[in-house]
Asker: 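Can you keep this structure in mind? I'll have questions shortly.
Each ligand, and each atom within it, is numbered from 1 in the order the structure gives. All residue numbers refer to positions in the sequence shown, counting from 1.
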Amino acid sequence: MTENRPVKPQAGRHNLDPHLDRYAARTAGMTASEIRALFAVASRPEVVSLAGGMPNLAALPLDTLSAQVAEIIVDEGLVALQYGSAHGIPTLRDQICEIMALEGIKAHPDDVVVTVGSQMGLDMVTRLFCDPGDIVIAEGPSYVGALGSFAAYQAKVVHVAMDDQGLVPDGLREALRQAEKTGRRVKFLYTIPNFHNPAGVTLAVERRAEIVEICREHGVLIVEDNPYGLLGFDGQTYPALRSIDPENVVYLGSFSKTFASGLRVGWVLAPHAVREKLVLAAESATLCPPTFNQMIVSRYLATHDWKGQIKKFRENYRERRDAMISALNQYLPPGCSWTMPEGGFYVWVTVPEGVDTKAMLPRAVTARVAYASGTGFYADGYGSRQMRLSYCYPTPERIREGVRRLAAVLESEMDL
Ligand code: PMP
């Protein structure tokens with residue numbers, strides 16, 4: 001993927017804040033994500049939002065869930081509403097191991113730490129490993145929430161290019177060589193191998209062992225973030241990097257995309273040696289993940305056909321992906337290109353030279369369509385010729401209409 005290099009905007013500290021001289025130095029890296037800033041406008045009903053990454057929960061069996069929640073209160077209310085351990089409840093950790101086995105992972109439940117979504121896992125892992133100035137290698141583009149965590153701990157992100165087969169191994173080698181020359185420590189490779197957010201691509205199976213080997217050779221840990229792995233449109237799954245090298249991979253999982261994002265239940269599977277520190281970090285962050293929510297997830301997994309449910313989600317997303325790809329083919333002007341996701345939520349679009357997706361966004365919103373500009377997915381200001389389009393939430397009709405509006409804005413932009 002090629003991209004031009006706009007000037008990086010400076011973090012927005014303004015002098016109206018009387019607390020300005022009190023903040024810790026690390027807050028300089030904390031800036032509002034471009035995507036969050038968009039939420040307010042993009043959620044107006046007349047705007048077709050292709051910007052957010054909200055899972056579509058319409059297929060959830062709400063009646064069954066409501067009965068299960070009531071049962072938890074009746075059967076185990078005093079446990080469910082009490083503090084629990086920072087490690088997470090044992091039954092859920094067993095079930096999580098069964099889920100990870102679908103991607104070839106053999107794990108002991110003691111090495112699983114339940115988190116408040118995988119976002120908390122990202123924060124904890126960065127807290128454990130990164131001192132200010134340390135390098136984190138990440139795909140370019142990368143998940144905006146991960147970039148936020150890295151910035152909050154003042155880690156420096158070095159991006160590695162992807163192609164339609166995912167992270168490019170030679171790019172990784174080169175980035176590691178360059179990073180080592182700077183004298184800074186490279187702490188880990190952060191990677192989203194399956195149905196990438198935002199790029200929509202999947203790391204080719206043939207590349208997986210190679211990536212693992214490169215990181216081993218360079219003494220660099222891998223942080224594998226896999227919230228979309230079970231959302232392959234053909235039901236296909238891929239061997240997790242963690243299954244190849246258990247001692248050198250921290251794996252992050254989540255129930256946000258396969259069950260319910262609002263419950264905020266995710267997990268970290270750490271190498272055994274790291275687990276204790278992780279539990280301590282979790283304890284200091286939240287004391288424990290919510291017992292009640294863990295029990296909801298656990299009972300749901302034990303009593304409901306959760307694989308059948310994921311299949312329904314996948315079918316929903318596939319229909320929306322198809323609607324988006326056919327609309328892109330039909331409406332987008334020549335010179336645009338995009339990735340072809342085989343699962344997950346996102347398409348990554350590259351627009352012709354001269355169009356700046358960040359500058360164009362207010363005009364798109366006026367034309368009642370929103371997207372996420374590519375610049376939010378890079379730590380270094382790249383991405384102004386890219387945008388992320390999410391097809392997960394709107395109906396297929398709205399997706400088609402959104403792409404039609406977007407195409408009209410792009411065309412007028414190209415005429416300028
Ligand atoms: N990683 C990736 C790649 C994501 O896309 C997301 C959510 N959009 C997360 C982590 C965080 O997910 P959660 O905290 O809901 O588990």
Asker: Just one of Tyr228, Trp338, Tyr371 clears the ring-ring contact (aromatic ring centres under 6.0 Å, His included) bar with Tyr346, so which one?
Answerer: Tyr228
Asker: Thinking salt bridges, do Arg177 and Glu180 make one under a 4.0 Å N-O criterion?
Answerer: no
Asker: Walk me through it: do Phe195 and Tyr238 pass the test side-chain contact (heavy atoms from CB on, under 4.5 Å)?
Answerer: CA-CA 11 Å; Phe195 319 124; Tyr238 298 94; 3.8 Å; yes
Asker: Can a salt bridge be assigned to the pair Glu210 and Arg173 using a cut-off of 4.0 Å between side-chain N and carboxylate O?
Answerer: yes
Asker: Answer yes or no: is there a side-chain heavy-atom contact under 4.5 Å between Asp134 and Arg184?
Answerer: no
Asker: Ligand 1: which protein N/O atoms lie under 3.5 Å from its N/O atoms?
Answerer:
from: ligand 1; atom 1: 1 (N); to: Asp225; atom 2: OD1; distance (Å): 3.4
from: ligand 1; atom 1: 1 (N); to: Asp225; atom 2: OD2; distance (Å): 2.5
from: ligand 1; atom 1: 5 (O); to: Asn197; atom 2: ND2; distance (Å): 2.8
from: ligand 1; atom 1: 5 (O); to: Tyr228; atom 2: OH; distance (Å): 2.6
from: ligand 1; atom 1: 8 (N); to: Lys257; atom 2: NZ; distance (Å): 3.2
from: ligand 1; atom 1: 12 (O); to: Ser118; atom 2: OG; distance (Å): 3.3
from: ligand 1; atom 1: 14 (O); to: Ser118; atom 2: N; distance (Å): 3.1
from: ligand 1; atom 1: 14 (O); to: Gln119; atom 2: N; distance (Å): 2.9
from: ligand 1; atom 1: 14 (O); to: Arg264; atom 2: NH2; distance (Å): 2.8
from: ligand 1; atom 1: 15 (O); to: Ser256; atom 2: OG; distance (Å): 2.6
from: ligand 1; atom 1: 15 (O); to: Arg264; atom 2: NH1; distance (Å): 2.8
from: ligand 1; atom 1: 16 (O); to: Ser118; atom 2: N; distance (Å): 2.7
from: ligand 1; atom 1: 16 (O); to: Ser118; atom 2: OG; distance (Å): 3.0
from: ligand 1; atom 1: 16 (O); to: Ser254; atom 2: OG; distance (Å): 2.6
from: ligand 1; atom 1: 16 (O); to: Ser256; atom 2: OG; distance (Å): 3.3

Asker: Between Asp75 and Arg299, is the closest basic N to carboxylate O distance under 4.0 Å?
Answerer: yes
